[in-house]
Amino acid sequence: MRLRIIFASVLGLFSIISVRAETWAEIQKTKTLRLATDGTFSPFNFHKGTELTGFEVELAEAVATKLGLKFSWKVYPFDSLLIGLSQNRFDLVAASHGVTAERQKAVDFTIPHYCSGVAIMSKEASLSTLDALKGKNVAIQVGTIFVPRLVAVPGIKNVRTLPRDTDCLQALLAGRVDAWVSDVFVGKAAAKAQPDAKLFVSAPLLIEKIAMAVQKGNDGLRSHVDGALRELVADGTYLKLSLKYFGEDISCK
């Protein structure tokens with residue numbers, strides 16, 4: 001789960017730079033759904049060689065197919081995805097955005113396509129609570145909604161905000177930080193991929209609903225994506241993808 005935020009200063013730009021999104025009727029004419037993600041959030045969206053893949057990538061492609069559409073992908077830095085959506089650079093963003101009241105001022109969200117939680121990753125099993133991070137150096141990806149909460153914890157030695165979760169992981173592995181805070185499933189995947197590092201992943205500190213985003217007011221597209229997601233759950237496609245990437249059902253219970 002990518003618990004990310006859009007800062008108020010950025011939100012203020014939406015009313016200035018917003019361009020009307022393509023309607024559902026216009027998308028049907030082009031027969032192509034323009035998708036976007038950031039491609040750095042394994043196992044949700046990432047590059048395998050030159051191929052863009054991951055749970056969200058395959059799920060969004062399945063949505064397009066269910067809607068009878070072809071699809072195209074654009075990869076943007078995470079913190080510019082919702083701005084690009086407002087500029088009509090793409091139709092649907094699938095990049096693990098947590099649903100927050102602040103974000104809902106700028107975009108509309110589909111029904112949640114998974115639920116997850118933020119966790120602490122470290123080489124010390126004792127670093128499993130916020131209080132345990134006192135006196136420690138902690139890495140977290142810039143823009144996540146947990147940054148303010150982490151900064152507010154008294155006694156943390158330093159909170160390092162880095163561009164990507166992969167940067168945070170490398171900082172932890174190199175010993176430049178004591179802990180890394182991110183999505184629990186991302187942490188589990190990193191621990192599995194780096195068995196020699198012996199990473200510990202804490203229990204989730206909070207649970208968040210994650211959804212895809214469309215431009216504000218694009219109700220036609222949002223409702224059709226919602227319908228496609230429900231059909232993918234009903235026909236077993238969702239569970240198949242969830243088991244493939246996580247070994248469990250990550251849907252919101």
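Only a predicted model underlies this, so the values are computations on that prediction, with no experimental measurement involved. Note: hydrogens, waters and symmetry copies are ignored here, and every other heavy atom, side chains too, is used.
A donor-acceptor distance shorter than 3.5 angstrom exists from the side chain of Q141 to the backbone of P163, with no hydrogens or angles considered. With S80 contributing its side chain and I83 its backbone, the two residues share no donor-acceptor pair below 3.5 Å. Not one N or O on the side chain of E208 forms a donor-acceptor pair closer than 3.5 Å with the backbone of S116. Side-chain atoms of T37 come within 3.5 Å of backbone N or O of A94 as a donor-acceptor pair. Side chain of D91 to main chain of R34: a donor-acceptor pair is present (N/O by atom type, distance under 3.5 Å, no hydrogens or angles). Checking side-chain atoms of S242 against main-chain N and O of Y238 turns up no donor-acceptor pair under 3.5 Å. Judged purely by atom type and a 3.5 angstrom limit, K216 uses its side chain to pair as donor or acceptor with the backbone of Q104. Judged by distance alone, with hydrogens and angles left aside, the side-chain atoms of K48 form no donor-acceptor pair with the main-chain N or O of T53 at under 3.5 Å.
Hydrophobic clustering keeps F200 apart from V118 (ILVMFWY residues linked when any side-chain heavy atoms are closer than 4.5 Å, directly or through intermediates). No chain of hydrophobic side-chain contacts below 4.5 Å, direct or via other Ile, Leu, Val, Met, Phe, Trp or Tyr residues, connects L243 to V233.
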Next on the checklist: With side-chain contact (heavy atoms from CB on, under 4.5 Å) as the criterion, how do E124 and K136 come out once you've worked through the C-alpha distance, each side chain's angles and the decisive distance to 0.1 Å?
Outcome noted: CA-CA 12 Å; E124 301 175 44; K136 304 297 183 180; 4.2 Å; yes
Next on the checklist: Checking K253 against C115 for the side-chain contact (heavy atoms from CB on, under 4.5 Å) test, could you report, in this order, the C-alpha distance in whole Å, the side-chain angles of both residues, the deciding distance, and whether it holds?
Outcome noted: CA-CA 8 Å; K253 308 299 190 292; C115 279; over 6 Å; no
Next on the checklist: Could you go through H97 and F78, starting from their C-alpha distance and side-chain angles, then the distance that decides it, and tell me whether this counts as ring pair (Phe, Tyr, Trp, His ring centres under 6.0 Å)?
Outcome noted: CA-CA 9 Å; H97 283 88; F78 181 86; 4.4 Å; yes
Checklist entry - What's the verdict on side-chain contact (heavy atoms from CB on, under 4.5 Å) for V225 and I111, showing C-alpha distance, side-chain angles and the deciding distance? => result CA-CA 9 Å; V225 172; I111 58 174; over 6 Å; no
Checklist entry - Where do D38 and T40 land on the side-chain hydrogen bond (donor to acceptor under 3.5 Å, both in side chains) test, with the steps shown first? => result CA-CA 6 Å; D38 74 336; T40 66; 3.1 Å; yes
Next on the checklist: Determine whether Y245 and L59 satisfy the following criterion, side-chain contact (heavy atoms from CB on, under 4.5 Å), listing intermediate values before the conclusion.
Outcome noted: CA-CA 11 Å; Y245 284 99; L59 184 62; over 6 Å; no
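A 4.5 Å side-chain heavy-atom check between L199 and K123 finds at least one atom pair inside the cut-off. At least one side-chain heavy atom of P43 sits under 4.5 Å from a side-chain heavy atom of F246. Looking at Y76 and R89, their side chains come closer than 4.5 Å, going by heavy atoms from C-beta outward. Within the 4.5 Å cutoff, no side-chain heavy atoms of T166 are placed close to those of F46. You'll find the side chain of L232 reaches within 4.5 Å of the side chain of V63, heavy atoms only. L205 has its side chain out of reach of T129: every pair of non-hydrogen atoms, C-beta onward, lies at least 4.5 Å apart.
Here the shortest heavy-atom pairing between F146 and V181 reads CD2-CG1, 3.8 Å. Minimum heavy-atom separation, T237 to A62: CG2-CB, 4.4 Å. Closest non-hydrogen pair, L133 versus I156, comes out as O-CG1, 3.6 Å. Counting all heavy atoms, side chain and backbone alike, D108 lies closest to N218 at OD2-N, 4.0 Å. Contact between W180 and D165 at its shortest, heavy atoms only, is NE1-OD1, 2.9 Å. Between L81 and F90, the closest heavy-atom pair is O-CE1, 3.2 Å.
For an aromatic pair to be called close, the ring centres must be under 6.0 Å apart, and F185 with Y114 fails this.
Atom CG of residue L33 and atom OG1 of residue T65 lie 10.0 Å apart, to the nearest 0.5 angstrom. A distance of 8.5 Å separates CZ of R176 from CG of D167, quoted to the nearest 0.5 Å. Atom-to-atom distance recorded for W24:CH2 and D219:CG is 14.0 Å, nearest 0.5 angstrom.
Side-chain contact check for S96 and E56: at least one donor-acceptor pair (N or O, by modelled atom type) lies under 3.5 Å. A donor-acceptor contact under 3.5 angstrom links the side chains of D249 and S251, judged on distance only.
Under the 4.0 Å criterion applied to side-chain N and carboxylate O atoms, K157 and D178 are not assigned as salt-bridge partners.
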